[in-house]
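Structure, as structure tokens:
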Number of protein chains: 2
Amino acid sequence: MPSATEQKIIDAAVRLFASQGYDATSVQEIVTAAEVTKGALYHYFRAKDDLLFEIYRLLITAQSADMDRIIGLGLSSADTVREILVSLVVSTAERVDETAVFVREMHRLDEARMTEFRAERRRYHETFLAVIEKGQADGEFSSAVPADTVVRIALGVVNQLPVWYRPDGPKSPSVLAGEIADFVLAGLSGRGKDPERAA
Amino acid sequence: MPSATEQKIIDAAVRLFASQGYDATSVQEIVTAAEVTKGALYHYFRAKDDLLFEIYRLLITAQSADMDRIIGLGLSSADTVREILVSLVVSTAERVDETAVFVREMHRLDEARMTEFRAERRRYHETFLAVIEKGQADGEFSSAVPADTVVRIALGVVNQLPVWYRPDGPKSPSVLAGEIADFVLAGLSGRGKDPERAA
DNA sequence: GTGAGCATACCGACCGGTCGGTAGGGTGGG
DNA sequence: CCCACCCTACCGACCGGTCGGTATGCTCAC
């Protein structure tokens, strides 16, 4: 469990990284915003990029746990996909800043951590892929569009959320999540341009 | 028309910005990679961010011209959407590096240029939106999912391309573009979860 | 007393940008 | 024909300033 000081530092870092970018934010700015000193920061974190790592870790572990929980419910493919997307969109909307930092600055991780994250990402990706492939094999979904492309589209939308989602916008996260899920499920129900390709 | 030296500088900058990020790339690295000197760079560009500006300008003007051309063809709504998406995906795949830089570092523009770009972006967004709204009004598309959400999803996918698209991957840009267009059009054809919502 | 939890002063590396200078091709008056 | 003049394109050493990180020491709970 993080101490209050540690938490203040991470909160400030997320806010500043999201609005200015990682490199454009100095350690001095972070400690000033967090109302602590440099000594405190380097007491808890070995280097500036440990902050990035910590932000990613919190985000990814939460998302992975969410998806595993939903799959464990044993719903139909369509309902599983819907639940995954709704939960992902809502939780992403709640953490736009973290997601924005993650999407923009991921490539700045060092080799070892990068490898670790790619593995975790890949696991997430393939779990979702398996859900859709199962739905296609069962005939619940159309096979008109390959499952891997569907996954890429669906997860891509979520990563783009920080670009246009505004908490004070006209649509609540759950309304938005419903619309996105509707659209993806409509896409999976077939009726594309080439009817002869449908299962 | 840019001179050979100018072009070498931009090419090197695009490559380095895409792989390391803007701030993490020093002017010295750029000139070394471009095999020119600092003097040459500052002869053609007033500041480091003029490079960013130039990269964006080249990308956006090409995309806008493309969309206007397609709309001018007077196709059906479905075919217009398909053509816009295919052309956008293919041209983005050809310039993954530029797009990656654009998506990641857009927020680093100064106030004046930022305003200019938001206007251009908005114009692009609303032109696409109008196409979809017309299709919905004509009954060619389902109105189950609001047009603005569809636009956000479709354009979001394109912005995410640099994250996962690899030129040496198994799918050619045009195959990929076809799949993405198929999926979006299937989503627009209705048959979502709430049939009573359809027009 | 001793270690966790900080504060403060400071360091060396590096960065974007500048500036005095030069190489070489065009040009026009004699 | 030629040479004084100029102008564009480019060179590279250098500067002020900032940044991530460190060294050292205080303090207070146990």
Side-chain angles (χ1 to χ4, degrees), chain A residues 1-57 101-102 104-114, chain B residues 1-57 101-102 104-114:
Chain A
M1 212 188 91
S3 75
T5 301
E6 208 174 341
Q7 193 61 50
K8 279 204 293 182
I9 292 171
I10 291 213
D11 288 347
V14 167
R15 220 176 327 124
L16 289 169
F17 290 168
S19 74
Q20 315 177 350
Y22 175 77
D23 284 306
T25 302
S26 71
V27 172
Q28 192 55 55
E29 278 181 283
I30 298 173
V31 300
T32 302
E35 295 176 299
V36 300
T37 62
K38 251 179 157 183
L41 189 149
Y42 280 95
H43 176 72
Y44 288 106
F45 303 94
R46 264 180 305 164
K48 192 187 174 188
D49 38 12
D50 282 19
L51 290 170
L52 267 190
F53 182 75
E54 194 56 22
I55 292 169
Y56 299 168
R57 209 180 50 78
V101 174
F102 178 69
R104 276 207 310 254
E105 320 275 3
M106 195 181 5
H107 65 291
R108 219 164 292 266
L109 289 173
D110 56 68
E111 202 57 48
R113 286 169 172 173
M114 186 60 110
Chain B
M1 216 188 93
S3 75
T5 300
E6 209 174 338
Q7 193 62 51
K8 280 203 295 182
I9 293 171
I10 291 211
D11 288 347
V14 166
R15 218 176 328 123
L16 290 169
F17 289 167
S19 75
Q20 314 176 352
Y22 174 78
D23 283 307
T25 303
S26 70
V27 171
Q28 192 54 55
E29 277 182 283
I30 298 173
V31 300
T32 301
E35 295 176 300
V36 299
T37 61
K38 246 178 162 184
L41 190 147
Y42 279 96
H43 175 73
Y44 288 106
F45 302 94
R46 263 181 304 166
K48 193 186 174 188
D49 40 14
D50 282 19
L51 290 169
L52 268 191
F53 182 74
E54 194 55 22
I55 293 170
Y56 298 168
R57 209 181 51 78
V101 174
F102 177 69
R104 273 205 313 253
E105 320 274 3
M106 195 180 4
H107 65 292
R108 219 163 294 267
L109 289 173
D110 56 68
E111 202 57 48
R113 285 170 173 173
M114 187 60 111

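- B:Tyr56 meets the ring-ring contact (aromatic ring centres under 6.0 Å, His included) test with B:Phe102, B:Phe117; sequence neighbours excluded.
- Contacts with DNA chain C (heavy atom under 4.0 Å) in residues 35-51 of chain B: B:Lys38, B:Tyr42, B:Ala47, B:Lys48, listed by number.
- Partners of B:Arg108 by salt bridge (Lys or Arg N to Asp or Glu O under 4.0 Å), not counting sequence neighbours, listed by chain and number: B:Asp23, B:Glu105.
- Between chain A and DNA chain D, the heavy-atom contact criterion of under 4.0 Å yields a 5' to 3' nucleotide range of D:dC19 to D:dT22.
- A:Gln7 has its CD atom 17 Å from the C1' atom of C:dG5, to the nearest Å.
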Show me the side-chain donor-acceptor pairs of residues 7-15 of chain A shorter than 3.5 Å, one per line, residues at least two apart or across chains.
residue	atom	partner	partner atom	Å
A:Gln7	NE2	A:Asp11	OD1	3.2

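- Listed by first and then second residue, the salt bridge (Lys or Arg N to Asp or Glu O under 4.0 Å) pairs involving residues 24-40 of chain B amount to none (not counting sequence neighbours).
- In terms of the side chain to side chain contact (heavy atoms under 4.5 Å, CB included) criterion, A:His43 has no residue partners (sequence neighbours excluded).
- Within residues 13-34 of chain B, the residues approached by DNA chain C to less than 4.0 Å at the level of any non-hydrogen atom are B:Thr25, B:Ser26, B:Val27, in residue-number order.
- Partners of A:Asp49 by side-chain hydrogen bond (donor to acceptor under 3.5 Å, both in side chains), not counting sequence neighbours: none found.
- Closest of all the heavy-atom pairs between B:Ala33 and B:Leu16 is CB-CD1, 3.9 Å.
- Every residue two or more places apart in sequence or in another chain was checked for a side-chain hydrogen bond (donor to acceptor under 3.5 Å, both in side chains) with A:Tyr42, and none qualifies.
- Under the side-chain hydrogen bond (donor to acceptor under 3.5 Å, both in side chains) criterion, B:Thr25 pairs with B:Gln20, sequence neighbours left out.
- With sequence neighbours excluded, the residues forming a side-chain hydrogen bond (donor to acceptor under 3.5 Å, both in side chains) with B:Tyr44 are B:Ser3, listed by chain and number.
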